[in-house]
Amino acid sequence: MTESESTALHRRRFLKGMVVAGGATIASPAAVQAQAAEKPNGNASPPTAAAKANERETPQEADRLTTEKTGSDFMVDVCKTLNLDYMAACPGSTFRAMQESFINYGQNKRPEWLTCMHEEVAVGMAHGYAKVAGKPMAAIVHGTVGTQHAAMGIYNAYCDRVPIMVFAGNAGALDERRPGVEWFHSVQDGAATVRDFVKWDDYPMSLQHFAESTVRGYALACAQPPGPVFITADTKLQEGPLDQRDQRKLTIPRLVKPSQAAGDANAVREAAKMLVAAEAPVIIADRYARSQQGMDDLVTLAELLQAPVVDNRSRMNMPNTHYLCQSERAGGLIAQADCILSLEPVDLYGQLNVMRDQLERTVSSKAKKGVKVVSISTHDLLVHSNYQDFQRYVGADINITADAQTTLPSLIEAVRREIAPGGNKSAEPRGQKMREAFNGFADRARAEAALAWDATPISSARMYMELWEQLRREDWALVSDSDFSSNWPHRLWPMDRHYRFIGGSGGYGVGYQPVAALGAALAHRDAGGRVVVSITGDGEFNMAPHTLWTAAHHGIPYLTIIQNNRAYHQEVMHVQRMANRHNRGLRNVPIGTTIDNPNIDYARIAQGYGAVGIGPISDPNDLSEAIRKGVAAVKAGQPALIDVVMQPR
Amino acid sequence: MKQIILCLAGLMLAAGPACAQQDSAPAGNAANGKTLYAQVGCYQCHGYAGQGARMTGPRISRTEFPFEGFLYQLRHPANQMPPYEAAVISDQDAADLYAYVRQMPSPRDPNSIPLLNAKR
């Protein structure tokens, strides 16, 4: 007997057992009444079969209480063709049949079912996972309320252009809903809540429809620009019996991964001419590299042009160990540039302009007049109307609507053709200047890091360097953004491989960090046990502290360091700005923005969820030992948390 | 012209110790300045040690920026810094703050910190 047969038989025995037990307790009184009513009257002839059927309150087929195969089993078959490794969920009855099919019929393998304590965790986990694994994982959410919980996480993934597969249960037909709760969790149009910020959605009306839409959805999610796809799985389709005859009619389409859109050859040639002719070209890389190949190509292009690269860090784009990585001089370089190549800009307008946040908002250009701008981006291929993530319009001189990573090899070739046979001699002095500037970056960063080295609360620079001391001999990955901690890892650590860093949230929805870190850590675990660290603000962490339970439950090791400034600090600064603007004094600014009185004990919270909890650490001299213990726990396979009381930024 | 002055003010404050010192500052109470530094939220953007932070504000510890420019930057910030008018920080409070940031502890030499000298 194979393992699958064994599992299936056990499942059948279990279900039959449940039916027998249920029948004994619930159906018996009705059965007794029916028997009493059917006692033949001496003066009357027995009722015919037809009369009996007419008198029944429920149709004859309702006597069928079990089935060996359901629509949800077929849905598992569909998902298994997509190479989905995980399905994350907070339980919900509108997908109960799918859950049962995945864990029993599907043997809880590929995809493996992951237990989350909030739908935002399930989808946020998928967000972080995809950025490391390079492929989607799935989340499934309860009808209506689960979708509402998941919405912000889906929005972050949409803004960040990350592929995730989201399924939602729903009881569509009203005559199939039980009175009460099922009505509250049913909806006419399940995706309406999130339609403005998914790439595609569908509500399949048949199992064949489900198969085609799920495969189509996966392909669409992965096509550049990627994004979330939302498939509603009707409960009747899930729970309905699937007999062999119907099953034979079903087919699962073959998934064909799409090739990505490269830039128009003429536009690429013109861009190359413009870049080679420029005296001060600058490359800005934003949501550009999705693999090591993307990084390597960017280095090749930058070296050909001897052009500085400003890495906006929405992805790991440019190794900061390369002398042409000049992010530290972004302002000056953009101001002096005569040609800017922008790769997958999140906000091209914001790259070129700055708005002053004072009572009267004024805009000034960061770039000099007449600068030529070349944009290579999939931005225009995924623009919706309501949510304004598309930013302000900029008319670039050459706007190549294509995937920048796919286009770069042809741009490199075009640049090579444009450079005279003797080489790009005019670029050599430029390169020399870049080397000289690069050599000063480390010294400047070290000097700035020393400024508050012994300060209490602990400085962000001290924390990052104490952490680096424990990581530098490991194969490590940082799965958190560093904008709120002065970009220290990008200034002080060697960020040399694509997997070292995954960028930020996309939509700035607070709560992304702990959940994305969980998913990213899962992908890193599967990739071979890298030591994963996430620096998480206390406000962020409080949105989903139970991620640590999911990590402990499923054996996902990573180190969370709470950057504990005891506030929603960005909002502290915003409220202070308003108080200043209104000349009302600053005494009340902490109201509604600080997280103290009482202080939260994050180490105990971590321990309560089954993770290693260390801290609070307030003395910078205690950091080294605390981080050593935390990293040791992670290397031993445990999730760990260190609470570090820190400076605001 | 006003724009040029504003830009200079911003640049000079950011430059900190690189600028020439002027002795025209009024007498300030550094102890009160320390209290004010926390109360009026200077630390929020510039850090408790005045070390500055990449996205919020430059270093101001031990500034050699002249008091007049310091005050002008408070009242008419050149960049994203929120304005501090006299209703929020009086001239005397500003002098106290100035005295405090001027006497903040000297930073350590990065070459004396082993973690900052380890090979990347």
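Reminder, nothing fancy here: chain letters follow the sequence lines and each chain counts from 1.
With respect to R566(A) and D538(A), no salt bridge is recorded, no charged nitrogen being found less than 4.0 Å from a carboxylate O. With respect to the salt-bridge test (charged N to carboxylate O, under 4.0 angstrom), the residues D475(A) and R500(A) qualify.
The candidate with the highest count of non-hydrogen atom pairs below 4.5 Å against chain A, out of A53(B), A49(B), P83(B), is P83(B). Looking only at heavy-atom pairs under 4.5 Å with chain B, the residue among E448(A), H569(A), R584(A), R587(A) that has the most is H569(A). Chain B forms more heavy-atom pairs under 4.5 Å with one residue of E466(A), Q576(A), R462(A) than with any other, namely Q576(A). When each of M573(A), M465(A), R581(A), E469(A) is checked for heavy-atom pairs under 4.5 Å with chain B, M573(A) comes out on top. The candidate with the highest count of non-hydrogen atom pairs below 4.5 Å against chain B, out of M355(A), M578(A), Q647(A), is Q647(A).
Between W488(A) and W493(A) there is no side-chain heavy-atom pair separated by less than 4.5 Å.
Neither the backbone nor the side chain of D443(A) comes within less than 4.5 Å of any heavy atom of chain B. Of the atoms belonging to L115(B), heavy atoms from both backbone and side chain fall under 4.5 Å from chain A. Residue contact with chain A, scored on non-hydrogen atoms closer than 4.5 Å, involves the backbone of Q39(B) exclusively.
Shortest non-hydrogen contact noted between F70(B) and Y98(B) is CG-CD1, 3.6 Å. In this structure, S485(A) and Q563(A) approach most closely via the heavy-atom pair CB-NE2, 3.7 Å.
Atom CG of D622(A) is separated from atom CD1 of I617(A) by 5.5 Å, given to the nearest 0.5 angstrom.
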